[in-house]
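Throughout, residue positions are numbered sequentially from 1 according to the sequence presented. Reckoned from all heavy atoms, side chains included, excluding hydrogens, waters and symmetry mates. Computed from a prediction, not measured in an experiment: that's the story for all the values here.
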Amino acid sequence: MSGDIFGARTGALADGSNRIKNAADTFKSEYERMFLVVDSLVSSEWTSPAATVIANKIFEQRPNLDAMYQAICGYA
């Protein structure tokens with residue numbers, strides 16, 4: 001029909017965007033805290049070589065987690 005107007009509830013969209021961004025920020029905060037804990041554990045004088053290997057495997061995942069954070073932010 002001519003004269004029809006397409007509209008969006010921008011307030012609802014903004015709310016959804018904010019919830020997604022908050023979830024992304026929470027996700028990032030959690031994995032950054034995990035890296036801090038792992039780093040503090042392997043920085044100790046009580047760390048075994050095996051623990052260091054495991055920690056390094058965890059640290060290798062940081063780029064993947066950063067990319068996931070960016071992907072989540074993209075949906076916001």
(message) List the residues meeting salt bridge (Lys or Arg N to Asp or Glu O under 4.0 Å) with Asp66, not counting sequence neighbours, and say none if there are none.
(response) Arg62
(request) Quick one: name the residues clustered hydrophobically with Leu41, using the 4.5 Å side-chain heavy-atom rule over I, L, V, M, F, W, Y, and just say none if it's on its own. (result) Val37
(message) So, using side chain to side chain contact (heavy atoms under 4.5 Å, CB included) as the criterion, who are the partners of Thr47 when residues are at least two apart?
(response)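 With neighbours one apart ignored, the set is Val42, Ser44, Ala51, Thr52.
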(request) For residues 10-21, pull every pair meeting side-chain hydrogen bond (donor to acceptor under 3.5 Å, both in side chains), keeping only residues two or more places apart or in separate chains. (result) Lys21-Asp25, Lys21-Tyr69
(request) Mind checking side chain to side chain donor-acceptor pair (under 3.5 Å) for Glu60 and listing every partner two or more places apart, or none if nothing turns up? (result) none
(message) So, using side chain to side chain donor-acceptor pair (under 3.5 Å) as the criterion, who are the partners of Gln70 when residues are at least two apart?
(response) none
(message) Show every salt bridge (Lys or Arg N to Asp or Glu O under 4.0 Å) that has at least one partner inside residues 39-57, sequence neighbours left out.
(response)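 Listed by first then second residue: nothing to list.
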(message) I need the Leu36 CG to Ser43 OG distance, nearest 0.5 Å.
(response)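 Rounded to the nearest 0.5 Å, the CG-OG separation comes out at 10.0 Å.
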(message) Enumerate the ring-ring contact (aromatic ring centres under 6.0 Å, His included) contacts for residues 21-62, please, sequence neighbours excluded, ordered by first and then second residue.
(response)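 Every ring-ring contact (aromatic ring centres under 6.0 Å, His included) pair that includes a residue of residues 21-62, provided the two are not neighbours, is Phe27-Tyr31, Phe35-Phe59.
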